[in-house]
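What follows is a set of notes on a single structure, which appears directly below.
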Amino acid sequence: MLKLQVIGNLGKDCTTNAVNGSNVINFNVAHSDKSRDADNNPTEKTIWVECAYWTEKTGVVPFLRKGQQVYLEGLPEVKTYLKKDGTTGTSLSLRVMSLQLIGHAASDGSSRSSDQEKTGKKGVEDDLPF
């Protein structure tokens, strides 16, 4: 068995589709590794993973927004495709078996603020006495 574990941030809001009576949640995740080269200059390499989460538990959909940090486990697949310039490209996809939200969405607070405006409710943090 081949299993892939990924920690990264969503590149855009997820989409949901119904396929043959089953729900699939699609999203992409960016994982970045920061390091230094031989001359001690900082470098960063980002790997994008296209994800498909087949599940009947769609309650997580409102939380899968651009910038949300997630931990994923699943079955990886490398796909090849023909680019517009005629060369061959590759992409990494993941059939998600386990998903956990970690951290929170982008620090601009746009997702949380808009949710509060729509519902008129405070976040859990706002109710704490300290």
Side-chain angles (χ1 to χ4, degrees):
M1 177 169 127
L2 187 60
K3 179 170 83 168
L4 179 64
Q5 299 174 321
V6 178
I7 293 177
N9 297 84
L10 270 68
K12 59 184 177 183
D13 294 353
C14 74
T15 60
T16 58
N17 296 301
V19 178
N20 296 329
S22 297
N23 295 318
V24 61
I25 304 169
N26 294 301
F27 53 94
N28 59 20
V29 173
H31 171 77
S32 296
D33 277 327
K34 295 179 183 180
S35 61
R36 296 202 172 264
D37 63 14
D39 296 326
N40 206 28
N41 296 318
T43 63
E44 184 173 359
K45 181 178 180 182
T46 301
I47 297 174
W48 286 91
V49 183
E50 295 293 326
C51 301
Y53 186 31
W54 293 84
T55 182
E56 295 305 315
K57 300 175 185 177
T58 58
V60 73
V61 168
F63 302 101
L64 294 176
R65 302 274 183 218
K66 181 178 180 177
Q68 173 66 50
Q69 189 175 38
V70 292
Y71 168 80
L72 307 167
E73 288 185 11
L75 305 174
E77 182 179 350
V78 176
K79 297 179 180 180
T80 59
Y81 60 93
L82 189 60
K83 293 182 181 181
K84 291 179 183 177
D85 64 3
T87 61
T88 302
T90 58
S91 66
L92 179 60
S93 64
L94 182 69
R95 184 177 178 126
V96 177
M97 300 306 209
S98 175
L99 176 142
Q100 293 179 19
L101 302 174
I102 56 177
H104 27 271
S107 61
D108 65 359
S110 59
S111 176
R112 183 171 169 219
S113 297
S114 63
D115 289 344
Q116 286 178 1
E117 290 169 9
K118 290 177 192 171
T119 63
K121 295 180 181 178
K122 294 181 178 180
V124 174
E125 299 86 12
D126 297 333
D127 293 336
L128 297 176
F130 50 90

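Bear in mind the structure is a predicted one, so any value in this text is a computation, not a measurement.
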At what distance, to the nearest 0.5 angstrom, does [atom1] of [X] lie from [atom2] of [Y]?
| X | Y | atom1 | atom2 | answer |
| --- | --- | --- | --- | --- |
| Ile47 | Asp33 | CD1 | CG | 6.5 Å |
| Gln100 | Leu72 | CD | CG | 9.5 Å |
| Asn17 | Ile25 | CG | CD1 | 10.0 Å |
| Ser93 | Glu77 | OG | CD | 4.5 Å |
| Asn28 | Lys66 | CG | NZ | 10.0 Å |
| Trp48 | Ser91 | CH2 | OG | 13.5 Å |

Report, one line per pair, each donor and acceptor closer than 3.5 Å where one atom sits in a side chain of residues 49-60; sequence neighbours left out.
unit_1: Thr55; atom_1: OG1; unit_2: Lys57; atom_2: N; d: 3.0
unit_1: Glu56; atom_1: OE1; unit_2: Asn23; atom_2: ND2; d: 3.4

Within 6.0 Å of CG in Asn20, more than 12 heavy atoms from elsewhere
no
Could you check whether atom CZ of Phe63 has more than 12 heavy atoms from other residues, nucleotides or ligands sitting under 6.0 Å from it?
no
Let me check something: do [X] and [Y] share a hydrophobic cluster, defined by ILVMFWY side-chain heavy atoms less than 4.5 Å apart, either directly or through other members?
| X | Y | value |
| --- | --- | --- |
| Tyr71 | Leu94 | no |
| Val24 | Leu92 | no |
| Val96 | Leu2 | no |

Close side-chain approach of Leu99 and Leu64, heavy atoms under 4.5 Å
yes
Side-chain contact test, heavy atoms from C-beta onward, threshold under 4.5 Å: evaluate it for Gln69 versus Ile7 and give yes or no.
yes
Polar side-chain atom of Asp39 near backbone of Asn41 as donor-acceptor pair, under 3.5 Å
no
Partner of Gln68 under side chain to side chain contact (heavy atoms under 4.5 Å, CB included), picked from Leu101, Asp13, Asn9, Ile102, is Leu101
Glu73 bridged to Lys3 by N-O distance under 4.0 Å:
yes
Correct closest heavy-atom pair for Ala30 and Thr46 would be CB-CG2, 3.9 Å
